[in-house]
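Following: one structure in structure tokens, then a few remarks.
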Amino acid sequence: MILFKKIKNSKSEEDKGEKTPVKFSRAEKLKRGEKKSNKKKWSKKYTIILLSVVILILLGFFGFKIYDSAKNIFNGDGTGILNLLSGNTTQPLKGEKDGRVNVLLLGIGDEGHSGSTLSDTMIIASYDTKTKSVAMFSIPRDLYVKIPSNGYTKINAAHAYGEQKAEGTGPSVAEQTIENTFDITIHYYARVDFSGLSDLVDALGGVTVDVERDFCDYNYPTERKGDTRTVCFKKGPQLMNGIKALQYSRSRHAYGPEGSDFARSKRQQKVLVAIKEKSLSAGTALNPKKIIDIMSALGKHVKTDFSLSEIPRLIELATDIDTSKIISRNFDNSTGGLLVSDSSTTAGYILKPRTGNFKEIQAVIKNIFAEAAAKAEKAKIAIYNGTWTTGLATSTGKEMKESGYDITLTGDMPTRNYTKTQIIDYSSGKKPDTIKALENKFGVKAIKEESENDSYEIKVIIGKDFLY
């Protein structure tokens, strides 16, 4: 009976889940604790290793995607990607030591389209290392120039002639043509087709462009050859996707001031500036997916002779550029413009320098940054015509005023037989940048005299040498 009760109580205790404590020796306790500690230690160690492997795989995939696209765009090996990731920006760009880097931007049609190798967009982008300023010069496609080994024709054919000779040589022929025509060294080129521009803008998530005025292009080309459609734009800032940005950049059949190649060139410059701003924004630069999307878009449609190892330096310079201070210049045949139209050649409608040579345009390109400093001085300038060429002072003054100079007076000299242009400084040396810019523009040294008129501080008398 007693035995039965003991057994029953024992079962009852087991049913309740109560167990008799097991006693271990001190040595056994230490041994068990050590195993448990090692288990936690190794578990943490394996976790860190696993996370590191995952991160390396992601970085490897990220780097490969960028490199795979980059190698189709840039020259050189993959060291530039390593430099970019490591922050190494020691390699300067060509032209930096001389104070100016010049890049030729080429826009061509999509492969398979009629005239797809013609570079209907040609822009010289110049970076001044001293002022950290950028100037953009749009070259009209109808400009009549001499193309190496091909004679005189429209400048947009230079790239096409090169591609016709051998695929991939179009940019070099275009560069040589630009250098010979404008007396400027081109250090790099970047070429993009229509689809590339559209894809890039979409990869950026769109760009914001301030449209100057309302306009419609009633003959915008469609994908189907010979067909057109109507595209319209409203005045004011607006977010454009790739297709809209491309339409804005290509439109040239509108009525009024927007219906010309010159207006189109200005719009193209605006889109380029908007792309630059969005590309270097924190929202883009710190977003790996966007960077991969951008590189993928560029890889299919863009080609340049920048090397991968130069890209970190290029990005570094680009981040220092103040977009609001970019100087834009278009060469056109408007009143006071530097070009005139002509239809007497076998090339059809063309544009030529108003003076018969490119000296005047070369001076503008060469001295553009000096002019920027001069315009900041706001010197009062009078322009006088010392030749028998009618309207020379008026047209020159108008052109200078439109580019930012303060032209207070234009007129004709009493005698019109000046063979040499004169620059007379009445400012007592207070406008040095303006004097320097005018000396560069007109190719003569200024002389100092006592003030003769409160209406101006500097007087320019244009002579016959300015025309030749």
pair [X]-[Y]: side-chain heavy atoms closer than 4.5 Å:
| X | Y | result |
| --- | --- | --- |
| Asn150 | Gln164 | no |
| Lys234 | Asp214 | yes |
| Gln269 | Ile326 | no |
| Tyr127 | Val103 | no |
| Pro171 | Asp305 | no |
| Phe137 | Ser126 | yes |
| Val273 | Met136 | yes |
| Leu438 | Met400 | yes |

When you check the gap from the basic side-chain N to the acidic O, do [X] and [Y] get nearer than 4.0 Å?
| X | Y | value |
| --- | --- | --- |
| Glu439 | Lys431 | no |
| Lys266 | Glu212 | no |
| Lys436 | Asp433 | no |
| Asp120 | Arg141 | yes |
| Asp142 | Lys154 | yes |
| Glu316 | Arg313 | yes |

For the side chain of [X] and the backbone of [Y], is there at least one donor-acceptor N/O pair under 3.5 Å apart?
| X | Y | value |
| --- | --- | --- |
| Lys375 | Gly404 | no |
| Glu163 | Gly170 | yes |
| Ser116 | Gly109 | no |
| Ser341 | Leu351 | no |
| Asp98 | Arg100 | no |
| Asp332 | Gly337 | no |
| Glu258 | Phe215 | no |
| Lys420 | Asp465 | no |
| Lys380 | Leu409 | no |
| Thr181 | Ile178 | no |

Testing the 3.5 Å rule here: is there a donor-acceptor pair between the side chains of Asp193 and Ser195? no
Under 3.5 Å side-chain donor-acceptor pair for Ser133 and Asp128: no
Heavy atoms of other groups near [X] [atom1], more than 12 under 6.0 Å:
| X | atom1 | result |
| --- | --- | --- |
| Lys366 | NZ | no |
| Tyr152 | OH | no |
| Lys276 | NZ | yes |
| Leu239 | CG | yes |
| Asp454 | CG | no |

Please lay out, stage by stage, how Ile361 and Phe182 fare under the test side chain to side chain contact (heavy atoms under 4.5 Å, CB included). CA-CA 7 Å; Ile361 296 175; Phe182 300 107; 3.7 Å; yes
Residue pair [X] / [Y]: nearest heavy atoms and the distance that separates them:
| X | Y | result |
| --- | --- | --- |
| Tyr218 | Thr228 | O-OG1, 4.2 Å |
| Leu339 | Pro140 | CD1-CG, 3.7 Å |
| Val271 | Ser249 | CG2-OG, 3.4 Å |
| Glu310 | Tyr188 | OE2-OH, 2.7 Å |
| Thr387 | Arg416 | O-NE, 2.7 Å |
| Ala374 | Ala437 | CB-CB, 3.7 Å |

Between CG on residue Asp261 and OG1 on residue Thr121, distance to nearest 0.5 Å: 9.0 Å
Can you tell me how far CZ of Phe358 sits from CG of Leu338, rounded to the nearest 0.5 angstrom? 11.0 Å
Does Asp202 form a side chain to side chain contact (heavy atoms under 4.5 Å, CB included) with Leu200? I'd like the steps, not just the answer. CA-CA 5 Å; Asp202 282 337; Leu200 174 57; over 6 Å; no
Determine whether Lys430 and Glu457 satisfy the following criterion, salt bridge (charged side-chain N to carboxylate O under 4.0 Å, His left out), listing intermediate values before the conclusion. CA-CA 9 Å; Lys430 295 178 180 178; Glu457 298 166 284; over 6 Å; no
Do we get [X] above [Y]'s six-membered ring, with its NZ or CZ under 6.0 Å from the centre and within 45° of the axis?
| X | Y | answer |
| --- | --- | --- |
| Lys459 | Tyr426 | no |
| Lys244 | Phe233 | yes |
| Arg250 | Phe194 | yes |

What's the verdict on side chain to side chain contact (heavy atoms under 4.5 Å, CB included) for Val101 and Lys94, showing C-alpha distance, side-chain angles and the deciding distance? CA-CA 7 Å; Val101 181; Lys94 298 173 187 175; over 6 Å; no
Quick one: do Gln238 and Val211 satisfy side chain to side chain contact (heavy atoms under 4.5 Å, CB included)? Show the steps, please. CA-CA 7 Å; Gln238 53 191 272; Val211 179; 3.3 Å; yes
